[in-house]
Amino acid sequence: MTVEVLYFAWMRERVGHPRETVRTDAATPRALIAQLAALSEGHAAAFADGAVVRCAVDQVLTDLDAPLGQPREVAFFPPMTGG
Amino acid sequence: MVARVQAEPFDLSAEMAGFGAGAGAVVTFTGVVRDDGGDLAALEIEHYPGMTEAALRDHGLTAAARFGLSDWRIVHRYGRIPVGGQIMMVATAARHRRAAFDGADFLMDWLKSRAPFWKREIARDGSASWVAARAADEDALSRW
């Protein structure tokens, strides 16, 4: 499948761009991370600390080990700091 | 029942006009950029267009159901906001004071760690650093 992958905050800065289209067979967000982290040094740096990676699948916060399904959009970002 | 994300400042009195008509209690909270260390110039706030608006609305509805709010409003800004500038506001209306306070408190705790916003501090010398999530904010959410 083809998914649009989005990055926010310092993960976006480390990857070097805010979004990219990726072909993947990943079954979970965590499996997709493993694939993305191998794309470049910047990607590897963005995902280096797995404990701080948060994920939204089609704009809904999702656990990294939840089934990925067939999403249109997957976003990765650090812990949120609103308010 | 309004959730809005915007770059421009908001006018609190305009936001509150007609808000919560008929309620016995209205609570408003406004977050303002503060300079703890003496060298902050501004905050820069990033959000996730689309998801952020939907998440704010979902959570407003959740708070309304849980605390019996008759009205609620969340306005959160993004982009560059100087020290002293407004970041966001929450307003809640209910029959009684406790529900209005608790609803606003609940919404604030949620906004701190579950709403898709990310803050970056811009120092007076122009250097920038992302604000790290605080364990205290996570703990605050767990009490609900």
Side-chain angles (χ1 to χ4, degrees), chain A residues 2-22 28-29 32-33 36-37 41-83, chain B residues 3 5 29-34 43-59 62 74-79 81 86-90 104-121 128-141:
Chain A
T2 302
V3 295
E4 194 73 3
V5 178
L6 281 67
Y7 306 99
F8 290 95
W10 55 259
M11 294 189 64
R12 167 179 52 74
E13 291 182 333
R14 290 186 186 179
V15 167
H17 42 257
R19 59 168 62 216
E20 59 194 333
T21 305
V22 175
T28 63
L32 179 57
I33 287 172
L36 294 169
E41 280 183 25
H43 286 79
F47 290 115
D49 182 1
V52 299
V53 178
R54 302 290 183 270
C55 171
V57 176
D58 283 334
Q59 305 196 352
V60 175
L61 284 177
T62 302
D63 190 271
L64 294 183
D65 294 311
L68 193 55
Q70 302 279 323
R72 189 180 58 83
E73 182 174 296
V74 178
F76 293 105
F77 39 82
M80 295 153 275
T81 53
Chain B
V5 180
F29 173 87
T30 303
V32 175
V33 180
R34 69 173 186 275
L43 284 183
E44 227 167 58
I45 301 180
E46 180 172 333
H47 76 298
Y48 184 167
M51 177 175 171
T52 305
E53 292 85 343
L56 295 184
R57 178 156 189 84
D58 280 357
H59 215 70
T62 298
I74 306 168
V75 180
H76 203 302
R77 294 178 65 196
Y78 64 89
I81 306 175
Q86 312 154 320
I87 304 173
M88 48 74 61
M89 63 152 286
V90 159
D105 209 9
F106 169 78
L107 284 173
M108 282 310 306
D109 281 341
W110 175 81
L111 279 166
K112 283 277 175 195
S113 56
R114 289 291 185 279
F117 291 100
W118 300 273
K119 288 192 190 114
R120 185 159 60 164
E121 293 179 337
S129 58
W130 291 97
V131 173
R134 297 167 63 239
D137 289 336
E138 196 65 31
D139 293 346
L141 193 60

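Here is the naming used below: chain letters follow the sequence lines, and residue numbers restart at 1 for every chain.
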**Q.** Heavy-atom contact with chain A under 4.5 Å, split by part of Ile45(B)
**A.**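 Neither part.
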Q: Provide the closest heavy-atom pair for Gly83(A) versus Ile87(B) in the form atom of the first, atom of the second, distance.
A: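 Scanning both residues completely, I find the closest heavy atoms to be O-CG2, 3.6 Å.
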Q. Just checking heavy atoms, which of residues 51-59 of chain B are less than 4.5 Å from chain A?
A.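 The list, in residue order, reads Met51(B).
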**Q.** Partners meeting side chain to side chain donor-acceptor pair (under 3.5 Å) with Arg12(A) (sequence neighbours left out)
**A.**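 In terms of side chain to side chain donor-acceptor pair (under 3.5 Å), with neighbours along the sequence ignored, Arg12(A) is linked to Glu46(B).
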Q) Got a sec, which residues hit side chain to side chain donor-acceptor pair (under 3.5 Å) with Asp65(A), two or more places apart in sequence or on another chain? A)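 With neighbours one apart ignored, the set is Arg30(A).
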(Q) Measuring from atom OG1 of Thr81(A) to atom CG of Leu111(B), what distance do you get when rounded to the nearest 0.5 angstrom? (A)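 Rounded to the nearest 0.5 Å, the OG1-CG separation comes to 11.5 Å.
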Which atom pairs, one a donor and one an acceptor, fall under 3.5 Å between side chains of residues 3-11 of chain A and the rest of the protein, sequence neighbours left out?
from, atom 1, to, atom 2, distance (Å)
Glu4(A), OE1, Thr21(A), OG1, 2.8
Glu4(A), OE2, Arg19(A), NH1, 3.2
Tyr7(A), OH, Glu20(A), OE2, 2.5

Q.
Side chains of Trp130(B) and Glu13(A) only: does a donor on one sit below 3.5 Å from an acceptor on the other?
A.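 The answer is yes; a qualifying pair exists.
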Q: Go through Tyr48(B), Trp110(B), Phe117(B) and name the one with the most non-hydrogen pairs under 4.5 angstrom from chain A.
A: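 Most pairs with chain A among the choices: Tyr48(B).
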Q | Test log, rule salt bridge (Lys or Arg N to Asp or Glu O under 4.0 Å), inputs Asp137(B) and Arg134(B) | A | CA-CA 5 Å; Asp137(B) 289 336; Arg134(B) 297 167 63 239; 3.0 Å; yes
